[in-house]
Amino acid sequence: MEKQLLRLNVNDQNYEIYINPKTLLVEAIRDHIELTGTKRGCDTVSCGACTVVVDDMAVKACSVLAVQAEGTKILTSEGLEVNGKLAPIQKAFLDEGAFQCGFCTSGMLMSSVAFLNETKKPTEKEIRDGIEGNICRCTGYNSIVRAIDSVAKGKYTEDKV
Ligand code: FES
Ligand code: FES
């Protein structure tokens, strides 16, 4: 199949890549743009490890074609840190020890960012519902929920989410 030029904006940077039109967004991000923080953990759109934020919405990057993301603004875990300063959600994950193997963490962070952008004072249930598309096999989720809750409660208000 003939490759086509695709322009993607990822973490406020413009990329031009030549891809097969059937390339998934997760493949474009990892294999062509070489941002490998975004993980691919399943073939069934169930694990959430590939989650990125597209125009402020959490999107499983294995569930959409890269061409569908043209013209959008994509945020990956590499884009959370600004000028060497961790984003609040990253600090909170560190403070709460909200990871073990770390495989789910990038996707979990991006789901958290999208969730917190649209839910300002979430209950614990809302937080758990907000990350239900992301599977973590290590932590038991409580530390992740605490991390999201601490950001929602303004523990890191001096920084952006
Ligand atoms: S890789 Fe598992 S949901 Fe995308
Ligand atoms: S920290 Fe290992 S899967 Fe979540």
Grouping ILVMFWY residues whenever side-chain heavy atoms fall under 4.5 Å, the cluster of Val26 otherwise contains Leu6, Leu8, Val10, Tyr15, Ile17, Ile19, Leu24, Leu25, Ile29, Ile33, Leu35, Val52, Val54, Val59, Val64, Leu65, Val67, Ile74
With side chain to side chain contact (heavy atoms under 4.5 Å, CB included) as the criterion, how do Cys136 and Ile144 come out once you've worked through the C-alpha distance, each side chain's angles and the decisive distance to 0.1 Å? CA-CA 9 Å; Cys136 177; Ile144 294 170; 4.2 Å; yes
Apply side-chain contact (heavy atoms from CB on, under 4.5 Å) to Glu16 and list each qualifying residue two or more places apart in sequence or on a separate chain. Leu5, Arg7
Quick one: do Tyr156 and Leu75 end up in the same hydrophobic cluster if we chain Ile, Leu, Val, Met, Phe, Trp and Tyr together by side-chain heavy atoms under 4.5 Å apart? yes
Under 3.5 Å: donor-acceptor pair, side chain of Ser106, backbone of Gly37: yes
Smallest separation among heavy atoms of Cys104 and Ile135, with atom names: CB-O, 3.4 Å
Suppose we screen for salt bridge (charged side-chain N to carboxylate O under 4.0 Å, His left out). Which residues come up paired with Lys121, at least two apart in sequence or across chains? none
Of all heavy-atom pairs between Asn14 and Asn9, which one has the smallest distance, and what is that distance? OD1-ND2, 2.9 Å
Check the pair Asn11 / Thr76 against side-chain hydrogen bond (donor to acceptor under 3.5 Å, both in side chains), numbers first and verdict last. CA-CA 7 Å; Asn11 303 331; Thr76 72; 2.9 Å; yes
Pairwise side-chain hydrogen bond (donor to acceptor under 3.5 Å, both in side chains) hits with a residue in residues 35-48, at least two apart: Glu27-Arg40, Thr44-Ser46
Does anything in residues 60-82 pair up under salt bridge (charged side-chain N to carboxylate O under 4.0 Å, His left out), and if so which pairs, sequence neighbours excluded? Asp12-Lys73
Please check this pair: side chain of Thr119 against backbone of Pro122, looking for a donor-acceptor N/O pair closer than 3.5 Å. no
Side-chain donor-acceptor contact under 3.5 Å, Asp55 with Thr72: no
Identify the heavy atoms of Ala28 and Ala66 that sit nearest to each other, and give their distance. CB-CB, 3.7 Å
To the nearest 0.5 Å, what is the distance between CZ (Phe99) and SG (Cys138)? 11.0 Å
I want to check something: taking the side chain as every heavy atom from C-beta on, are Phe93 and Ser143 in contact at a cut-off of under 4.5 Å? no
Heavy-atom check, side chain of Ser77 versus side chain of Met110, under 4.5 Å: yes
Any Lys/Arg nitrogen of Asp129 or Lys125 sitting under 4.0 Å from an Asp/Glu carboxylate oxygen of the other? yes
Within the structure provided, determine whether Thr23 and His32 are in side-chain contact (heavy-atom separation under 4.5 Å). yes
Under a 3.5 Å cutoff, is there a donor and acceptor pairing between the side chains of Tyr141 and Asn134? no
Student check: side-chain heavy atoms of Phe115 and Ile131 closer than 4.5 Å: no
Same cluster or not: are Leu116 and Met108 linked, directly or through other Ile, Leu, Val, Met, Phe, Trp or Tyr residues, by side-chain heavy atoms under 4.5 angstrom apart? yes
Contacts of type side-chain contact (heavy atoms from CB on, under 4.5 Å), residue Asp56, not counting sequence neighbours: Asn117
